[in-house]
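Both counts, for ligands and for their atoms, begin at 1 and track the order of listing.
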Amino acid sequence: MRTQICIIGGGPSGLLLSQLLHLKGIDTVVLERRTREYVLGRIRAGVLEFGTVELLREAGLGARMTREGFVHDGTYIALQNRGFRIDFKKHTGKQVMVYGQTEVTADLYDARDGWDAPVFYDVQAVNPQAVDGDAPFVTFLQGGKVHRIDCDYVAGCDGFHGVSRKAIPDDVRREYERVYPFGWLGILSETPPVSDELIYANHPRGFALCSMRNENLSRYYLQCPLDDRVEDWSDDAFWDELKRRIPEDAADTIVTGPSIEKSIAPLRSFVSEPMRWGRLFLVGDAAHIVPPTGAKGLNLAASDVYYLYHALLRHYRDGDDQGLEEYSARALARVWQATRFSWWFTTTMHRFPDQSEFDQRMQETELDFLESSTAAQAALAENYVGLPY
Ligand code: APR
Ligand code: PHB
């Protein structure tokens, strides 16, 4: 089998890249290790930068997102039982869209139904080969048979645990990592959100976040020790702890209910350079991971897709490879900016087990400055709504 772009990974990165290229008549094949149902069952973050919204609309996915998504002009930061608002629109003229990533992925899959753009599910032993030459190919197992796809380029959209990053030689690849000494315990509940906008809460007992999916589906998170297990947390224990960490007015009005999903996720910052090796291009979590505090995971995948999509267009339409040559440096420049912001926001909002009293005072003073400084709030707003592509 032959195609122009072989895409490894059928998550947001792989699907969005495939969709955009397909609309320009560029052939792709997507290889996905799991089933479609499994991929759609993943609960992930839910804040889309304005650039991501524009790209999804360009891929033909605007309808349901526009209908069901929530446009937010700002967010609340809470500390010591008080809160203040960061007004994105005032500082940047931009907004964000709260729309679950699960919905984005479902919309991407629905949009491609009926297209002649195959996704191979349940594939095993995917192996990108000869990517440093002019005739790359990818082999994989499906239904007990070995398959081969010859292609012009390979897009490694297979996430942090995928195979693509490791196709770049160890002596070429440089990896940067910070693992945070805590996790996020998240729940979904069919209850009305406690606030019209998100609440990021810094509390001596630990970080808390109040978010939402729709007017009757709320998403809440609590910072928890790395060795906590989901079964350690009853719903009542979760709600009691959440009420301790958010401002009283929110704690007094929050509507609680049974969790319909409960999970613990670790937090890390991770960047792998370069994001290109010959005819292999890494996209999204295959190349970088950010802690969810800044809601940058999906949004960084979108900017990687944007850069690679336009580079491939220039190659096939104009015979110009400058975009492909510049892809890694261009994508990494934005990746590092989002990595810095996500690291700063995580470090400022969470309690660290080894935190000294001085560290504690620095954190509180950082937030006092954020509350009092228009410039500091504008800086947070610029990063949160998304730096330019
Ligand atoms: N072969 C084929 N598919 C694979 C392989 C493999 N060897 N390894 C992983 N995959 C698939 C996974 O099953 C998953 O569906 O690749 C996909 C990668 O998807 P994500 O991990 O979601 O990464 P990405 O598409 O880059 O999404 C970026 O969106 O998922 C959110 O916030 C999350 O930051 C992440 C962002
Ligand atoms: C979410 O709604 O899941 C969410 C929102 C903002 C974040 C992280 C997660 O920073």
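Near Tyr200, the atoms of ligand 2 lying under 4.0 angstrom from a non-hydrogen atom of the residue are 6 (C), 7 (C), 10 (O). The Val163 neighbourhood of ligand 1 comprises atoms 7 (N), with distances under 4.0 Å to a heavy atom of that residue. Short contacts between ligand 1 and Arg34, defined as distances under 4.0 Å to a heavy atom of the residue, involve ligand atoms 13 (O). Under a 4.0 Å criterion applied to the non-hydrogen atoms of Arg42, ligand 1 contributes the atoms 12 (C), 13 (O), 14 (C), 15 (O). Under a 4.0 Å criterion applied to the non-hydrogen atoms of Leu209, ligand 2 contributes the atoms 6 (C), 7 (C), 8 (C), 9 (C). For ligand 2 and Pro292, the ligand atoms under 4.0 Å from any heavy atom of the residue are 7 (C), 8 (C), 10 (O). Annotation for ligand 2: atoms under 4.0 Å from non-hydrogen atoms of Trp184 are 8 (C). Annotation for ligand 1: atoms under 4.0 Å from non-hydrogen atoms of Gly162 are 8 (N). In summary, the atoms of ligand 1 found under 4.0 Å from a heavy atom of Gly297, numbered by their order in the structure, are 34 (O), 36 (C). Below 4.0 Å from some heavy atom of Val126 lie the following atoms of ligand 1, by number and element: 1 (N). Short contacts between ligand 1 and Gly284, defined as distances under 4.0 Å to a heavy atom of the residue, involve ligand atoms 26 (O). Atoms of ligand 2 lying under 4.0 Å from at least one heavy atom of Val47, given by number and element, are 5 (C), 6 (C). For ligand 1, the atoms closer than 4.0 angstrom to any heavy atom of Leu31 are 2 (C), 3 (N). Close approach to Arg219 involves these atoms of ligand 2, each under 4.0 Å from a residue heavy atom: 3 (O).
Note: Phe270 and Phe160 meet the aromatic proximity criterion, with ring centroids under 6.0 Å apart. Aromatic pair His315/Tyr153: centroids less than 6.0 angstrom apart. Close placement of the His310 and Tyr306 rings is indicated, their centers lying within 6.0 Å of each other. You'll find the ring centres of Tyr76 and Tyr200 outside the 6.0 Å limit. Aromatic rings from Tyr307 and Tyr327 are positioned such that their centres are separated by 6.0 Å or more.
Both tests do not hold together for Arg36 against Tyr121: distance to the six-membered ring centre under 6.0 Å, angle to the ring axis within 45°. With a 6.0 Å cutoff to the six-membered ring centre and a 45° limit on the axis angle, Lys296 counts as a cation-pi contact of Tyr384.
Considering backbone and side-chain N/O atoms, Tyr384 never comes within less than 3.5 Å of an N/O atom of ligand 2. Remark: ligand 2 and Tyr221 share an N or O pair separated by less than 3.5 Å (distance only, no angle test). Geometrically, ligand 1 and Gly14 share no nitrogen or oxygen pair separated by less than 3.5 Å. Considering both main-chain and side-chain atoms, Asp285 comes within under 3.5 Å of ligand 1 through a nitrogen or oxygen pair. Remark: ligand 2 and Leu198 share no N or O pair separated by less than 3.5 Å (distance only, no angle test). Polar contact check, His161 against ligand 1: no nitrogen or oxygen pair lies under 3.5 Å apart.
The closest approach between a heavy atom of Phe345 and any atom of ligand 2 is not below 4.0 Å. Gln101 does not count as a contact of ligand 2, since none of its heavy atoms falls under 4.0 Å from the ligand.
Among Arg44, Arg213, Lys296, the residue whose heavy atom lies closest to atom 1 (C) of ligand 2 is Arg213.
Looking only at distances, no side-chain donor or acceptor of Gln124 sits under 3.5 Å from a matching main-chain atom of Gln142. Looking at Gln363, its side chain does come within 3.5 Å of a backbone N or O of Thr347 through a donor-acceptor pair. No donor-acceptor pair under 3.5 Å is formed between the side chain of Thr3 and the backbone N or O of Cys6.
Ring geometry for Phe352 against Phe182 counts as perpendicular: the plane angle is over 60°, on a 0 to 90° scale with 30° as the lower cut. Below 30°, between 30° and 60°, or above 60°: for Trp239 and Tyr220 the angle between ring planes is above 60°, a perpendicular geometry.
For CD of Glu231, the number of neighbouring non-hydrogen atoms (other residues, nucleotides, ligands) closer than 6.0 Å is greater than 12. Other residues, nucleotides and ligands contribute only 12 or fewer heavy atoms inside 6.0 Å of the CZ atom of Arg174.
Of all the heavy atoms of Ala301, the ones lying under 4.0 Å from any atom of ligand 1 belong exclusively to the side chain. Contacts between Ala295 and ligand 2, counted as non-hydrogen atom pairs separated by less than 4.0 Å, involve both the backbone and the side chain. Residue Arg33 touches ligand 1 through backbone and side chain together, judged by heavy-atom distances below 4.0 Å. When non-hydrogen atoms are compared, ligand 1 lies under 4.0 Å from the backbone of Cys157 (N, CA, C, O) but not from its side chain.
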Query raised in the report: side chain to side chain donor-acceptor pair (under 3.5 Å) between Asn202 and Arg351: does it pass, once the steps are laid out?
Result: CA-CA 8 Å; Asn202 172 299; Arg351 280 294 181 280; 3.0 Å; yes
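The closest side-chain heavy-atom distance from Glu325 to Arg276 is below 4.5 Å.
Here the options are Met349, Arg82, Glu371, Arg85, the test is side-chain contact (heavy atoms from CB on, under 4.5 Å), and the partner is Ile77; only Met349 passes.
From the protein, the heavy atom lying nearest to atom 24 (P) of ligand 1 is Ser13 OG, 3.3 Å. What sits closest to atom 30 (O) of ligand 1 on the protein, heavy atoms only, is Arg44 NH1, 2.0 Å.
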